[in-house]
Each structure stands twice: as C-alpha cells, then as structure tokens.
Amino acid sequence: MADESALERERRSKVARWRAEGREPYPYSFPGRVGTDAVRAACAALPPGQDDPAHTPFRVAGRLRAIRQHGRTAFADLEDRAGELQLLLRVDELGETAYRGWLSDLDPGDLVGADGTAAVSRRGEPSLVVRTLTLLAKAIRPPPEKFHGLTDVEERIRRRYVDLLSSPESRALFGARTALLGEVRRYFDEAGFLEVETAVLGSVAGGAAAAPFVTRSNYTGSNLQLRIATELPLKRLIVGGLEKVYEIGKTFRNEDLDSTHSPEFTELEAYWAYADYHDMRRLLEGLFDRLSRRAPELLPDDPAVAKASALFRPPFPTMDFVEELERRSGITDLLSKSREELRALARAAGSTVPENSSSGTFLDKLFEHYVEPAIDRVTFVVDHPIATTPLARRHRSKAGRVERFEVFAPGFELANAYTELTDPDEQEKRFREQLGERGDDRYAFDEDFVEALQYGLPPTTGVGFGVDRLLMGLLGKPSIKEVILFPLVRPRSA
RNA sequence: GGGCCCGUAGCUCAGCUCGGUAGAGCAGGCGGCUCUUAACCGCAAGGUCAGGGGUUCGAAUCCCCUCGGGCCCGCCA
C-alpha cells in the first residue's frame with residue numbers, strides 16, 4: 001500500500017490534465033440538482049426509444065457506477081441516494097471533442113453532475129440525455145468490482161464508506177436502522193414518555209454487572225467510568241417526578257466483540273411510574289407489532305426481513321422461568337436449592353463458570369443450557385428467581401420470585417423488564433447480599449441511589465433493551481456487526 | 001483464554017491436497033463498435049502470494065512464530 005497502484009497513478013494524471021486545462025476537479029458546490037427519481041418519474045410516461053418532446057431540463061448529481069461505450073454513443077449509470085439513473089451520452093449532443101474527452105477522463109467511482117433531458121432508451125431504460133457534464137470529485141481510488149462489491153467482512157467494517165458507496169443494500173440497511181429508531185422514538189413519544197439524556201461519564205458505573213471502561217478526568221484528577229447501563233440515573237428522574245422517561249444512547253461494556261455483543265452498543269431504557277411489568281409487557285408488544293410491520297416496508301426487496309420481522313408480531317408465548325426450567329431439566333424444587341446445589345447442577349449441565357459465582361449466575365446458566373436452545377420465536381420469559389437480579393421487586397404472589405420478564409429472540413436475549421424495587425431498605429439489603437455472595441467489587445454499591453429511593457420512588461416499571469439486537473432480530477441479521485456502522489476493530493498492524 | 005478456518009493484482013476469485021518459480025474476470029491503458037445495462041471483440045500491462053523465520057537444489061504451496069479477520073466454545077448481559 002506504500003506505493004500507489006498504477007490505477008491511482010492513471011487517475012491522478014487525469015486530475016493533473018484537468019487542472020492543466022483550467023478546470024477544477026474538486027468544485028465547491030453544485031446547486032439546483034434534483035434526485036434521480038425525478039428523472040425516472042418524467043420517463044414513466046415515455047415509450048421506449050423516445051426523448052421527452054418538451055425537453056424539460058434536469059440536473060442530477062451522484063457517483064458513476066459503470067460506463068458502457070459503444071463507439072459513438074455511451075451509457076453510464078449514475079447513482080444517488082434516490083437510486084440509479086442511466087446517462088445517455090451521444091456524439092450528436094456533445095460534439096466529437098467533448099464526447100471523446102469525457103469518456104477518457106471519467107472513471108467508475110467519480111462524482112459527477114449532469115444536465116440534460118429525459119428519454120427512454122430503445123430497450124426501455126429511463127435515461128438522461130446529457131448536454132453538459134460536470135466533474136464534482138475525481139475518485140483516485142477505484143471502487144470495488146461492480147458485480148460482487150466488497151465481500152470481505154473485515155474490509156466492509158474497516159472501510160464502511162466503501163461498503164456503503166458500492167452497496168445500495170448496505171445503504172438501505174442503515175437507512176432502515178435510522179427509520180426504525182425514529183419509529184421507536186415516535187412510539188414512546190406518543191405514549192407520553194419524555195426522552196432524556198443522562199451522563200455517559202461517572203464515578204461509578206452501575207445498574208448492571210459488567211466490566212466498565214475507565215478513563216481519566218483532567219478536571220477532577222480522578223478516574224471516571226463509562227456507563228454500563230442507564231437504569232440508576234433514569235430511576236432518579238422518576239423520583240424527580242418526570243413520571244415517564246426513556247433514553248436511547250450508547251452504553252459501554254469492556255468485553256469481547258462477538259456475534260451478539262459489541263463493546264459499545266445502543267441501549268434503550270424506559271421507566272414508567274404508577275405502572276407494573278404487565279403494563280410494560282403490553283407497551284413492548286405494541287412496539288414490536290409496529291416495528292414488525294414497518295421493517296418489511298423499509299426493506300421490501302429483502303425476503304429475510306419479511307421472515308424475521310414476522311416473528312415480532314403478537315401474540316407472543318409466555319414461559320415461566322422456573323416451571324420451564326424444571327420441566328426441561330427434570331430438576332425439582334429449584335427454588336429451595338442452595339448455592340452449592342445449583343453450582344453442582346450447573347456443572348453437570350456443562351457450565352464452567354467460576355466456583356464463587358452467585359446463585360443467580362448458576363440459575364442463568366441452567367436456563368441458558370436447558371431452555372434457550374428451544375426458543376424458536378420471540379418469547380416472554382417471566383417471573384425469575386429473586387437471586388437473578390438485585391433491582392426487581394419481589395413477586396406479589398409467587399414466593400421466591402421477582403416480577404421480571406425477559407424477551408428472547410431465537411439465539412439471544414432482547415429485553416429485560418421489572419416491576420422495580422422501590423423500598424430503599426430492601427434495595428440496600430439486596431445490594432449487600434449480591435456483594436456478599438459474590439465478593440466482587442464490580443457490583444459497586446451505589447449509596448447515592450439508595451438515598452434517592454429514600455425520597456420516594458413511586459411504583460414503577462422499567463425496561464432495557466439492546467437496540468442493535470432488536471434490529472438484528474427484525475432484519476434477520478446473524479451478526480451485530482451487520483447493523484452497526486463502525487464496530488470496534490483492532491488497529492491494523494504496521 | 002481454547003479449538004477450527006481464512007489472508008494471492010484496486011475488487012471478486014482460481015492455484016495449495018501431491019513443492020518446479022503466479023492465473024482468470026471486473027476495473028484501468030491502447031484499438032474497434034450508435035441501445036447497452038455484470039455490454040461485447042482484439043492487444044498490451046498490472047503481484048513484497050499478510051509479515052517474519054525454517055526445511056529444501058527449489059516454497060503461494062510443507063513447518064514454526066507474529067499480525068489481522070471469521071466461526072464455535074469459554075468469559076461477559
């Protein structure tokens with residue numbers, strides 16, 4: 001890569017030639033252009049082989065994808081965000097000198113503007129008969145091969161811009177991501193939730209069990225952590241009387257990247273005062289229903305999307321965590337098992353989690369082993385044992401359980417919701433229990449949060465879910481990297 | 001952290017099993033062609049075979065190490 005390729009030399013010499021002729025290969029602007037869809041629309045009324053008799057002028061701009069020369073006529077495909085449009089270059093329109101000049105100076109990948117009139121080719125392709133071309137930026141590097149594009153996963157991630165410029169499908173996918181996020185926002189807004197932004201940097205990352213990224217503040221002279229969840233600040237806002245809040249933002253966990261985990265991911269959490277987890281379930285079901293209808297509209301050409309998003313249409317099956325686990329594993333009386341017994345059962349199921357893990361971890365491992373592989377549709381798993389989380393409220397009728405549900409898609413967990421624990425004294429006790437059982441200082445005891453609860457947290461339900469995973473599920477993508485524009489990669493070796 | 005697999009021209013790939021000194025398509029160059037759309041036809045050009053080391057008369061090919069990536073497992077919500 002140190003030496004530029006012969007291709008680049010060739011393209012640079014074209015830039016030099018351009019400048020030598022007093023023309024700017026990288027102009028400042030190109031006002032007045034319309035989308036290629038406007039020209040296609042004007043072509044809709046024309047029969048094959050016909051130029052627009054009114055000669056209505058159009059100005060378009062975009063990237064050249066392919067150039068097909070036929071001696072005294074040539075075709076070029078111009079692509080903008082609205083789609084692709086065929087440019088028709090004729091010696092008769094441009095004159096011999098200009099025609100030859102353009103064909104020798106232009107390459108696939110160049111950004112060009114074109115002025116001309118609508119026409120439909122004899123083969124029926126909507127086209128623009130070009131009167132004037134303008135070079136808007138010369139591409140020194142050639143685009144990927146026109147048919148296969150960029151296929152190497154690493155290259156698609158490291159140079160996402162090349163993936164995007166060469167793949168309309170990729171652009172459509174990330175466009176759909178933004179549109180679906182907009183749909184999520186509208187849904188929560190319409191339901192009366194206030195979108196808020198809480199701090200990414202703080203002295204203690206809490207609300208989940210995960211290793212944080214640590215950074216340093218020059219101002220305070222102390223270490224700061226990047227948030228691992230937004231749960232605790234959002235509940236403080238409920239204490240503050242905001243009643244219904246949600247946040248969509250990046251959350252950071254200092255872990256490996258794999259097909260369902262990314263060290264930085266987009267999380268949505270929502271908290272709703274005076275409601276419980278049954279209400280939250282209904283709210284989420286409505287959201288899933290809406291997204292499952294929207295996704296195939298956004299990507300109508302992808303059959304995988306239609307199939308995957310159909311899984312997000314209600315009604316959803318419900319699984320009782322304890323009953324389902326007992327049924328599938330043959331274990332009886334699960335809730336009365338000691339930590340040692342749970343550890344032995346987890347080991348027997350093939351788990352290698354450390355000796356000193358908590359009861360909750362062993363229960364999670366058992367569920368993961370016996371139940372998760374059997375989940376083949378979007379499923380609500382409900383009423384987990386208390387030991388699995390310190391933040392959910394005890395179940396009002398099932399002993400030894402909390403009011404919690406998790407949503408599972410085939411292959412991964414999507415969402416986690418509770419009727420929140422609001423009693424400050426029990427919250428403090430539960431924090432201490434987890435801390436004591438695990439002896440792990442990553443479960444930082446957030447005293448200020450307990451103090452906030454002492455001012456009074458109304459009855460509240462809350463949910464958190466990974467937006468990237470939701471998109472994977474809706475769009476049928478097997479890897480989280482497919483739905484994140486710039487996933488973390490190691491630096492390339494020197 | 002463990003296992004398996006991959007890295008060849010700007011891009012997409014073949015060659016590696018069984019060692020003999022690198023091949024195609026696209027893109028680019030030159031020439032031809034007034035309706036193509038993965039346009040077509042002809043000619044010429046294009047390579048630190050990821051990097052380093054080893055075995056060998058000879059290494060893209062076999063062995064070892066390093067880097068980057070993929071998949072699975074582990075860890076981690």
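Sequence lines set the chain letters: A, B, ... in the order given, protein chains first and strands last, and positions in each chain run from 1. Model, not experiment: these values are computed from the prediction. Reckoned from all heavy atoms, side chains included, excluding hydrogens, waters and symmetry mates.
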Which nucleotide wins on minimum distance to the side chain of [X], given the candidates [options]?
| X | options | value |
| --- | --- | --- |
| S121(A) | rC75(B), rU37(B), rC11(B) | rU37(B) |
| H70(A) | rU34(B), rG69(B), rG28(B) | rU34(B) |
| V153(A) | rU12(B), rC35(B), rG70(B) | rG70(B) |
| D77(A) | rC35(B), rG69(B), rU37(B) | rU37(B) |
| Q86(A) | rU37(B), rU34(B), rG68(B) | rU37(B) |
| K14(A) | rU37(B), rG69(B), rG29(B) | rG29(B) |
| S259(A) | rC72(B), rC11(B), rG69(B) | rC72(B) |

*Counting only heavy atoms not in R393(A), do more than 12 sit closer than 6.0 Å to its CZ atom?*
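At most 12 heavy atoms, drawn from other residues, nucleotides or ligands, come within 6.0 Å of this atom.
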
Write down the protein N/O and nucleotide N/O pairs, taken from nucleotides 23-27 of chain B, whose separation is under 3.5 Å; answer none if there are no such pairs.
from	atom 1	to	atom 2	distance (Å)
rC26(B)	O3'	K146(A)	NZ	3.2
rA27(B)	OP1	K146(A)	NZ	2.6

Find the distance [X]:[atom1] to [N]:[atom2] and express it as a whole number of Å.
| X | N | atom1 | atom2 | answer |
| --- | --- | --- | --- | --- |
| L106(A) | rG29(B) | CG | C1' | 16 Å |
| R9(A) | rA45(B) | CZ | C1' | 11 Å |
| K481(A) | rG70(B) | NZ | C1' | 8 Å |
| L88(A) | rC35(B) | CG | P | 11 Å |
| R17(A) | rG29(B) | CZ | P | 9 Å |
| D152(A) | rG69(B) | CG | P | 11 Å |
| R159(A) | rG69(B) | CZ | C1' | 14 Å |
| D256(A) | rG70(B) | CG | P | 11 Å |

Quick check on [N]: is either OP1 or OP2 less than 4.0 Å from any side-chain nitrogen or oxygen of [X]?
| X | N | answer |
| --- | --- | --- |
| R490(A) | rG69(B) | yes |
| T151(A) | rC13(B) | yes |
| K365(A) | rC75(B) | yes |

Return yes if some donor-acceptor pair links the side-chain N/O of [X] with the main-chain N/O of [Y] below 3.5 Å, else return no.
| X | Y | value |
| --- | --- | --- |
| S167(A) | S170(A) | yes |
| E482(A) | K477(A) | no |
| T388(A) | H384(A) | no |
| T73(A) | H70(A) | no |
| T260(A) | F412(A) | no |
| D320(A) | E324(A) | no |

Looking for any heavy atom pair under 4.0 Å, which part of the strands does [X] touch: base, sugar-phosphate only, or nothing?
| X | value |
| --- | --- |
| R158(A) | sugar-phosphate |
| E406(A) | base |
| E10(A) | sugar-phosphate |

*Which comes earlier along RNA chain B counting from the 5' end, the contact point of G149(A) or that of R72(A), where each point is its nearest nucleotide?*
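Of the two residues, G149(A) wins.
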
*Closer to the 5' end of RNA chain B via nearest nucleotide, is it Q69(A) or D51(A)?*
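First, find each residue's nearest nucleotide; the 5'-ward one identifies D51(A).
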
*Does rG7(B) pair with anything, Watson-Crick or G-U wobble, both distances under 3.5 Å, and if so, with which nucleotide?*
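WC or wobble partner is rC67(B).
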
_Could you tell me the Watson-Crick or G-U partner of rC43(B), where both distances fall under 3.5 Å? Say none if there is no partner._
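The base-pairing partner of rC43(B), which may sit in any strand shown, is rG29(B).
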
[atom1]-based separation of [M] from [N] [nearest Å]:
| N | M | atom1 | result |
| --- | --- | --- | --- |
| rC63(B) | rG20(B) | P | 15 Å |
| rA27(B) | rA60(B) | P | 30 Å |
| rU61(B) | rU8(B) | P | 14 Å |
| rG52(B) | rG15(B) | C1' | 24 Å |

_So if I define the base as every atom that isn't primed, P, OP1 or OP2, how would nucleotides 3-8 of chain B read as a B/S/- string at a heavy-atom cutoff under 4.0 Å?_
------

*asked:* Counting the benzene-type ring for Trp, do F367(A) and F321(A) have ring centres under 6.0 Å apart?
replied: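 Yes.
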
*How far apart are the C-alpha atoms of D37(A) and R40(A), what are their side-chain angles, what is the distance that settles it, and do they pass the salt bridge (Lys or Arg N to Asp or Glu O under 4.0 Å) test?*
CA-CA 5 Å; D37(A) 50 342; R40(A) 281 195 300 276; 5.2 Å; no

*asked:* What I want to find out is whether K138(A) reaches D107(A) closely enough, with some N-O distance under 4.0 Å, to be called a salt bridge.
replied: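 Here K138(A) pairs with D107(A) in a salt bridge, since their nearest N and O are under 4.0 Å apart.
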
_Check R68(A) with D77(A), please: is the shortest side-chain N to carboxylate O separation under 4.0 Å?_
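So D77(A) pairs with R68(A) through a salt bridge.
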
*Verify salt bridge (Lys or Arg N to Asp or Glu O under 4.0 Å) between R227(A) and E247(A), making sure each step is shown before the conclusion.*
CA-CA 13 Å; R227(A) 67 183 178 193; E247(A) 175 162 15; 2.9 Å; yes

